Asks: 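Input: one structure, supplied below.
Given the structure is predicted, the values throughout are model-derived calculations rather than measurements.
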There are 2 protein chains.
Amino acid sequence: MLLVPAGDSVIKVSVPTLRDVAALAGVHPATASRALNPDTRAMTSADTADRVIRAAEQLRYRPNTVARSLRTARSSSIGVVVPDLTNPLFPPIVRGIEAALAPRGYALLIVNTDNNPAQEEQLVGSLRARSVDGLILATARLSHPLLETLAAGDLPVVLVNRRREGLPLPCVIPDDAAGIGLAVAHLAQLGHRRIAHIAGPQDTSTGVARLRAFRAAVQEHELAQDKALISQCGSWSEAQGARALRELLDSGMSFSAVIAGNDMLALGCYDVLGERGIVCPDDLSVVGFNDMPFVDKLRPALTTVRIPHHELGAEAARLLLGQMKHFQRQEHSVLMPVELSVRQSTGPPPAASPGPPPAGGPGLAG
Amino acid sequence: MLLVPAGDSVIKVSVPTLRDVAALAGVHPATASRALNPDTRAMTSADTADRVIRAAEQLRYRPNTVARSLRTARSSSIGVVVPDLTNPLFPPIVRGIEAALAPRGYALLIVNTDNNPAQEEQLVGSLRARSVDGLILATARLSHPLLETLAAGDLPVVLVNRRREGLPLPCVIPDDAAGIGLAVAHLAQLGHRRIAHIAGPQDTSTGVARLRAFRAAVQEHELAQDKALISQCGSWSEAQGARALRELLDSGMSFSAVIAGNDMLALGCYDVLGERGIVCPDDLSVVGFNDMPFVDKLRPALTTVRIPHHELGAEAARLLLGQMKHFQRQEHSVLMPVELSVRQSTGPPPAASPGPPPAGGPGLAG
DNA sequence: CTGAAAGCGCTAACAG
DNA sequence: CTGTTAGCGCTTTCAG
């Protein structure tokens with residue numbers, strides 16, 4: 001700490017260090033360190049601890065976390081890897097992570113990969129170089145070299161909203177099967193017999209799980225099982241959702257409802273409805289997945305599977321804390337409960353008659 | 001770097017350090033450091049540099065940023081302070097910041113204040129303890145003790161989406177006056193004579209600037225100037241926007257259009273439209289500000305003032321870089337251009353006659 | 001152009 | 001309970 005004269009007093013120019021605190025308290029820096037750290041305070045006498053703490057306050061001492069990190073090889077920071085923060089699904093998850101970690105003194109280094117594997121490698125590398133104490137990944141794919149590297153290393157890692165079997169990586173995911181089950185049951189109960197599914201990328205666990213659940217639920221409810229009622233998307237994007245619905249419509253298949261793999265895909269469906277003058281839910285019911293913020297503001301408000309975004313993040317953070325504490329890692333999925341948010345985008349199918357609507361689209365001419 | 005035997009070869013257990021690279025290249029660590037750092041590479045012979053770089057690659061050496069930070073007193077990380085990442089306005093701004101800083105090796109520590117000053121103080125404290133090289137604040141208020149503290153310190157700081165006069169803090173803000181001017185002009189041209197304004201918090205620069213601009217524009221266009229057509233909000237929240245519109249409607253004032261201080265307030269207006277069966281834009285036109293992601297998906301799609309979110313963040317980051325480079329700071333506002341995104345929430349006023357619509361609401365009975 | 005030496009601020013062994 | 005000592009991994013003087 002550098003002091004310079006200013007008039008008849010002195011002002012400090014640089015930030016006070018532990019040495020300064022120790023000097024003021026009349027103890028050795030090591031003792032000051034012990035007194036200031038709650039975990040080691042018991043090693044000092046109450047009197048000493050008191051003097052040191054008072055000195056620290058007087059100097060407005062703030063421990064230099066960088067120095068501490070270098071010494072302890074722990075940085076009290078966590079890397080959070082998401083595809084894109086502007087996708088409204090992720091901010092609530094991030095806030096859940098923050099809520100669980102900030103009280104314990106961790107800071108979040110957030111990076112966006114834009115689903116670019118090369119960029120992801122690079123970003124994760126930069127996070128490791130900053131010696132983050134752990135990593136929360138929302139970008140896991142089923143075939144993902146990086147995950148294998150991470151699984152082989154000893155940095156604590158938790159996956160959120162994605163699982164990856166066969167590797168010792170814990171994950172926190174929504175109950176995809178239950179969610180799709182609820183969606184299909186809801187539509188079946190409304191009278192829908194021919195339901196289409198716009199499936200998400202099959203290199204993501206959610207894409208696969210939801211498609212599989214869709215097939216199972218359709219069978220269970222004895223609804224139309226037709227391969228042509230399923231359209232797959234290459235990414236979880238609005239554009240892909242739109243493309244998929246267009247293809248379904250153009251294929252001439254008849255269906256009165258569509259379950260999109262997630263809300264972004266459902267948003268794409270909405271675009272097509274507008275384009276083609278299809279009225280939702282009168283002509284076509286639409287269901288999404290995730291209950292992203294603001295889908296309740298759409299018109300018609302989107303019926304979707306609600307997942308506990310915040311809790312997903314918080315639980316992932318808790319798993320990470322456990323992992324950092326116990327140095328053990330294992331494949332372990334936490335399934336978060338979901339529910340169906342029924343809104344205006346679903347209603348009875350257009351034709352009250354039990355027969356299928358005419359071909360050429362969802363009950364529409366042409 | 002620790003090596004342990006594994007069969008007839010060895011595997012490395014710990015991460016390689018500069019010493020290891022130097023040893024492999026047969027030079028002193030200091031030389032290796034110089035060779036690896038582009039800025040000091042010229043101090044080494046091409047041959048040495050080559051050998052060192054090759055050794056680093058071979059060992060997959062990654063410099064330890066923490067050690068570097070301790071030595072250089074720069075952390076290559078930047079603190080980003082936002083009210084709430086789940087407000088869709090902020091993710092694009094954050095991505096703009098990231099886009100400008102990540103290529104230069106900076107990582108982002110993002111914190112959410114929830115508009116809680118105490119929490120904000122604490123979080124900024126924790127960022128400083130992590131010796132961030134600079135701070136980008138999206139939370140500035142007009143009366144804000146923290147800003148004065150920061151302005152007095154020597155940590156580079158830039159404000160984004162908010163300005164604060166009287167302190168040497170550069171800021172990047174949208175052209176609020178121009179935006180409101182465009183909105184009023186658009187409505188005036190559609191034939192509106194009585195326009196209401198739902199003003200944002202008057203302790204924020206944007207709240208003040210937009211209200212002032214509204215008054216000026218209304219006068220310029222010779223529209224109804226009535227204090228009772230202005231309702232103020234305590235926060236930029238949907239709930240406050242709804243409350244404000246309800247009060248305007250209940251006051252019995254007549255108006256055919258409302259300009260909300262931002263899109264969150266406009267969203268609150270939409271809630272009230274639903275509640276009261278008011279048809280937008282037939283009964284009431286609504287304009288927002290910010291063009292938050294997804295407001296184009298509302299029905300009716302929201303007419304709003306588009307601000308360049310990404311550029312706002314990127315420009316703030318650039319100003320910060322300049323500040324970090326030149327150690328100089330000054331009050332300096334960068335005004336970002338805006339434009340009006342005309343969508344379906346605005347249309348001609350309900351009464352084609354030039355006279356004001358009947359009292360009791362925006363052209364509605366009761 | 002390269003090596004030696006020092007030290008950023010902190011904590012953890014080890015003595016006493 | 002407290003002081004001494006050492007060193008985390010890097011960069012930057014200062015010599016040579």
Asks: What parts of residues 41-53 of chain B reach DNA chain D, counting only heavy atoms under 4.0 Å away?
Replies: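 Contacting residues: none.
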Asks: Under a criterion of less than 4.0 angstrom to any heavy atom of chain A, what are the 5'-terminal and 3'-terminal contacting nucleotides of DNA chain C?
Replies: C:dG9 to C:dA13
Asks: Mind checking the CZ-CG spacing from A:Arg74 to A:Asp133? Nearest 0.5 Å is all I need.
Replies: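 Atom-to-atom, A:Arg74:CZ and A:Asp133:CG are 7.0 Å apart.
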Asks: Looking at B:Val94 and B:Leu108, what are the two nearest heavy atoms and their distance?
Replies: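 Scanning both residues completely, I find the closest heavy atoms to be O-CD2, 4.1 Å.
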Asks: Between the side chains of B:Ser45 and B:Asp47, is a donor N or O closer than 3.5 angstrom to an acceptor N or O?
Replies: no
Asks: Checking A:Gln323 side chain against A:Val157 main chain: does a donor-acceptor pair fall under 3.5 Å?
Replies: yes
Asks: Taking it one step at a time, do B:Leu36 and B:Ile53 satisfy side chain to side chain contact (heavy atoms under 4.5 Å, CB included)?
Replies: CA-CA 6 Å; B:Leu36 255 17; B:Ile53 290 171; 4.0 Å; yes
Asks: Which of residues 29-38 of chain A sit near DNA chain D, with a heavy atom under 4.0 Å from it?
Replies: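 Residues of residues 29-38 of chain A that come under 4.0 Å of DNA chain D are, in numerical order, A:Ala30, A:Thr31, A:Arg34.
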Asks: Supply the atom-to-atom distance A:Ile136 CD1 to A:Leu109 CG, rounded to the nearest 0.5 angstrom.
Replies: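 Going from the CD1 atom of A:Ile136 to the CG atom of A:Leu109 covers 12.0 Å.
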Asks: In this structure, how many angstroms lie between the P atom of D:dG9 and the CG atom of B:Leu59, rounded?
Replies: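 Going from CG in B:Leu59 over to P in D:dG9 covers 14 Å.
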Asks: Working to the nearest 0.5 Å, report the span between CG of A:Leu85 and CD1 of B:Ile93.
Replies: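 It is 12.0 Å, given to the nearest 0.5 Å.
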Asks: Please classify the nucleic acid contact of B:Val66 as base, sugar-phosphate, or nothing, using heavy-atom distances under 4.0 Å.
Replies: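 Counting heavy atoms under 4.0 Å across all strands, no contact is made by B:Val66.
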Asks: Would you check if the side chain of B:Ser75 reaches a backbone N or O of B:Ser131 as a donor-acceptor pair within less than 3.5 Å?
Replies: yes
Asks: Figure out the CZ/C1' separation between B:Arg68 and D:dT12, and round it to whole Å.
Replies: 13 Å
Asks: In whole Å, I'd like the distance from the CG atom of A:Leu70 to the P atom of D:dG7.
Replies: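 My rounded result for the distance is 14 Å.
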Asks: Using a strict threshold of under 4.0 Å (side-chain N to carboxylate O), is an ion pair present between B:Glu315 and B:Arg318?
Replies: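 Answer for the salt bridge query: yes.
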Asks: Could you pick out which residue, B:His28 or A:Tyr61, lies toward the 5' side of DNA chain C when each is mapped onto its nearest nucleotide?
Replies: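 This one resolves to B:His28.
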Asks: Begin with the C-alpha distance, continue with both residues' side-chain angles, and end with the deciding distance and a verdict on side chain to side chain donor-acceptor pair (under 3.5 Å) for B:His144 and B:Glu120.
Replies: CA-CA 11 Å; B:His144 205 156; B:Glu120 180 175 30; 3.0 Å; yes
Asks: Using atom CZ of B:Arg71 as one end and atom P of D:dT11 as the other, report the distance to the nearest whole Å.
Replies: 9 Å
Asks: Within the 4.5 Å heavy-atom criterion, are B:Arg68 and B:Ser76 side-chain neighbours or not?
Replies: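 Side-chain contact under 4.5 Å: no.
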